[in-house]
Amino acid sequence: MKLWIYRPAQLLDAVRDYKLYADGEFITYVKRGQRFVIEIPDNTQTLQAKLSWCSSQPIHTKDLSHGAVTVKNAFSHNPILVLFGSTLFATFGRKHYLKLII
């Protein structure tokens, strides 16, 4: 299965690469501002992004209608959360720190 991956150039985590996993197996790094195509096995069930101890919720590949996924920081759109909530997100919301958007 061919999959388009995109990571916007957000300020948060700018120098850190996200890791993309298919069914729990590491497949690639995703750098800031990067857009590329990867090939994953057709029988892949889930995709998940990780950064250190933080991660996204897994998404199911059966929900991918157009084969494109955006990987981004879940709260960078809100400047107040960026300034005051990043520590809370990284500890208590660590499994929602990143977001995979299909």
Side-chain angles (χ1 to χ4, degrees):
M1 171 191 311
K2 218 174 250 198
L3 196 61
W4 279 95
I5 306 294
Y6 172 62
R7 178 180 168 191
Q10 298 173 300
L11 183 60
L12 284 174
D13 308 322
V15 297
R16 300 169 67 188
D17 297 341
Y18 297 162
K19 294 178 183 176
L20 194 62
Y21 291 82
D23 292 336
E25 298 289 325
F26 172 78
I27 50 174
T28 190
Y29 289 101
V30 185
K31 298 179 183 299
R32 178 180 186 242
Q34 194 175 30
R35 183 183 309 244
F36 60 96
V37 176
I38 60 169
E39 189 74 34
I40 60 172
D42 289 333
N43 62 348
T44 300
Q45 301 292 316
T46 61
L47 291 174
Q48 187 175 30
K50 294 185 180 183
L51 174 69
S52 299
W53 61 87
C54 299
S55 66
S56 69
Q57 290 292 307
I59 60 169
H60 297 282
T61 55
K62 65 181 175 162
D63 298 332
L64 295 172
S65 58
H66 56 284
V69 176
T70 300
V71 184
K72 61 188 262 179
N73 186 294
F75 62 95
S76 64
H77 64 282
N78 186 331
I80 293 172
L81 283 177
V82 170
L83 290 174
F84 302 109
S86 58
T87 304
L88 291 173
F89 246 97
T91 53
F92 300 112
R94 68 181 188 84
K95 294 192 182 233
H96 299 278
Y97 185 84
L98 299 176
K99 190 171 192 173
L100 292 176
I101 302 169
I102 47 177

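Considering every non-hydrogen atom in both L51 and D17, the closest pair reads CD1-O, 3.7 Å. When all heavy atoms are compared, the tightest approach of H96 to Q57 is CE1-NE2, 3.2 Å. Nearest heavy-atom pair, T46 versus T61, reported as atom, atom and distance to 0.1 Å: N-CG2, 4.3 Å. Between L3 and A68, the closest heavy-atom pair is CD1-N, 4.3 Å. Closest approach of S56 and K99 over heavy atoms only: CB-N, 4.1 Å. In terms of heavy-atom proximity, E39 sits nearest to M1 at OE2-N, 3.0 Å.
Distance check: D63 CG to L47 CG gives 10.5 Å after rounding to the nearest 0.5 Å. Going from atom CG of N73 over to atom CZ of R7 covers 8.5 Å, rounded to the nearest 0.5 Å. Atom CD1 of residue I38 and atom CD1 of residue I5 lie 4.5 Å apart, to the nearest 0.5 angstrom. Distance check, rounded to the nearest 0.5 Å: CZ of F36 to CH2 of W4 gives 10.5 Å. Taken from CD1 in I59 to NZ in K62, the straight-line distance is 12.0 Å, to the nearest 0.5 Å. Taking NZ of K19 as the start and OG of S55 as the end, the distance is 12.5 Å to the nearest 0.5 Å.
Annotation: cation-pi geometry not satisfied between K50 and Y18 (NZ/CZ under 6.0 angstrom from ring centroid, within 45° of ring axis).
Inter-residue side-chain proximity for C54 and K95 is flagged as unmet; no heavy-atom pair is nearer than 4.5 Å.
Residues I27 and L98 share a hydrophobic cluster, clusters being chains of Ile/Leu/Val/Met/Phe/Trp/Tyr side chains in contact below 4.5 Å. Placement of V30 and L64 within a single hydrophobic cluster is found when ILVMFWY residues are connected by side-chain heavy-atom separations under 4.5 Å, directly or transitively.
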Determine, step by step, whether L20 and Y29 satisfy the side-chain contact (heavy atoms from CB on, under 4.5 Å) criterion, reporting the C-alpha distance in whole Å, the side-chain angles of both residues, the deciding distance to 0.1 Å, and the verdict. CA-CA 6 Å; L20 194 62; Y29 289 101; over 6 Å; no
Walk me through it: do H60 and Q45 pass the test side-chain contact (heavy atoms from CB on, under 4.5 Å)? CA-CA 6 Å; H60 297 282; Q45 301 292 316; 5.5 Å; no
